[in-house]
Protein chains: 2
Amino acid sequence: MYRIGELAKQYDINTDTLRYYEKEGLLVPSSIASNGYRIYSSADAKTLGVILRAKAIGFSLSDIKTLLSIEVDKANKECLDVKLVVDDKLAQVNAKIEELQTFQRSLKRLSDACCGGHESAQDCTILQALESESLTILSECHHD
Amino acid sequence: MYRIGELAKQYDINTDTLRYYEKEGLLVPSSIASNGYRIYSSADAKTLGVILRAKAIGFSLSDIKTLLSIEVDKANKECLDVKLVVDDKLAQVNAKIEELQTFQRSLKRLSDACCGGHESAQDCTILQALESESLTILSECHHD
DNA sequence: ATAAACCTTGGAGTAAACTCTAGGGTCAAG
DNA sequence: CTTGACCCTAGAGTTTACTCCAAGGTTTAT
Ligand SMILES: [Zn+2]
Ligand SMILES: [Zn+2]
Ligand SMILES: [Zn+2]
Ligand SMILES: [Zn+2]
């Protein structure tokens, strides 16, 4: 049995985060002391571990809520239910990676074309590319 | 010379977005008509083009503001100044990609271990991994 | 003269996941 | 009995990039 501060310390998070998770229905302390203090059981602590691990692999709190709701009703759920959540997230992550890789390629192309020296930005290929209709790099910065 | 609606239509954006860019100091119309209407010049339109291209390669509006401030003072700026902004963003993008790839690997590992069938989630390796201290996958779902 | 299609301002709402503040109760030690 | 370390609630603030709303002025066409 832990008070909010103890649990927070154990998992190196803010007590406000714990209250926030409660408000979001992710981790409701299993009892409340007569003085109003939240009391977390070891099962609660285990659940918090699940939440933090899920967060660490990219799940949103909303995803985690779904995962936890499956978890508590394991017996009536199928592997399919679980895998769908994971695959859905994986698809989102893949999509985001691709978007970022597009950014990465464009940025790298711009970076590579610029000399990065103390020459005047008047002839900077990066600025020229940004001004060109199609983000085209005409040449490398040479500044004659 | 364009009114706000014309410019917005030309670039397929919302008029509110243009007003927002103005509030943020990114694109201030070069004049205001006597009736209070914003009047954008072709130079303004060109700047909008730069903004949208920069956005399309991953720059935030704040980055773009920096880029535009260099652009207007090109003569007194160096290639270095420009390249720093690009390289900084590139570093951010790279970092984000790495984070997402970590997610991707973990998610794929989980996904691969789960049968995804109609078997009970009681023995689902995904749930087991999330509950295990170290996100370990003990075995593949076989459900005996 | 009146409707449709513009334009203006100021301010609120959205998502996500916290984080902080104010104002006040609780508890153990010295 | 007071100090310090806890705990409580309700609500506001943060970030980014819009998007929408209300209430009203302007223009153009019929
Ligand atoms: Zn150069
Ligand atoms: Zn350059
Ligand atoms: Zn299975
Ligand atoms: Zn499974």
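In this text, all values refer to a predicted model and were calculated from it rather than measured experimentally.
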Does a side-chain N or O from A/R38 land closer than 4.0 Å to OP1 or OP2 of D/dC8, or not?
-> yes
Would you mind checking if B/E22 and B/R19 are paired as a salt bridge, meaning a charged N to carboxylate O distance below 4.0 Å?
->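 Here B/R19 does not pair with B/E22 in a salt bridge, since their nearest N and O are not under 4.0 Å apart.
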Is A/K74 salt-bridged to B/E131, cutoff N-O under 4.0 Å?
->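 Counted as a salt bridge, because a side-chain N and a carboxylate O are separated by less than 4.0 Å.
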Length of the [atom1]-[atom2] vector between [X] and [N], whole Å:
| X | N | atom1 | atom2 | answer |
| --- | --- | --- | --- | --- |
| A/K89 | C/dA16 | NZ | C1' | 11 Å |
| B/I4 | D/dT26 | CD1 | P | 17 Å |
| B/L61 | D/dT19 | CG | P | 11 Å |
| B/I39 | C/dC6 | CD1 | P | 15 Å |
| B/R3 | D/dG25 | CZ | P | 18 Å |
| A/E22 | D/dT9 | CD | C1' | 11 Å |
| B/N35 | D/dG24 | CG | C1' | 14 Å |
| A/K65 | C/dC18 | NZ | C1' | 16 Å |

Assess the side chains of A/D63 and A/T66: does a donor N or O sit below 3.5 Å from an acceptor N or O?
-> no
Considering heavy-atom distances to DNA chain D, does A/Y37 or B/Y21 have its closest nucleotide positioned more toward the 5' end?
->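 Between the two, 5'-proximity favours A/Y37.
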If you find the nucleotide of DNA chain D closest to B/N14 and the one closest to B/Y20, which residue's nucleotide is nearer the 5' end?
->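 Mapping each residue to its closest nucleotide by heavy atoms, the 5'-most match is B/Y20.
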Taking the side chain from [X] and the backbone from [Y], do they hold a donor-acceptor pair closer than 3.5 Å?
| X | Y | result |
| --- | --- | --- |
| B/D112 | B/R109 | no |
| A/Y2 | A/A8 | no |
| B/D44 | B/S41 | yes |
| A/K83 | B/C114 | yes |

Sugar-phosphate only, base, or nothing, as touched by A/R19 at under 4.0 Å among non-hydrogen atoms |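 Contact class for A/R19: base.
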Looking across every strand, which nucleic acid part, if any, lies under 4.0 Å from B/K9 by heavy atom: base, sugar-phosphate, or nothing?
-> nothing
Check the hydrophobic clustering (I, L, V, M, F, W, Y; side-chain heavy atoms under 4.5 Å; chains of links allowed) and say if A/M1 and A/I32 are grouped together.
->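 Shared cluster, no.
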Please list, for nucleotides 3-5 of chain D, all pairs of protein and nucleotide N/O atoms separated by less than 3.5 Å.
none

Counting heavy atoms from C-beta on, name the nucleotide in D/dC18, D/dC8, C/dC18 closest to the side chain of A/T17.
-> C/dC18
For residues B/L130 and A/I57, report the shortest heavy-atom separation together with the two atoms involved.
->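 Scanning both residues, the minimum pair turns out to be CD2-CD1, 4.3 Å.
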Nucleotide N/O to protein N/O under 3.5 Å, stretch nucleotides 10-15 of chain D:
none

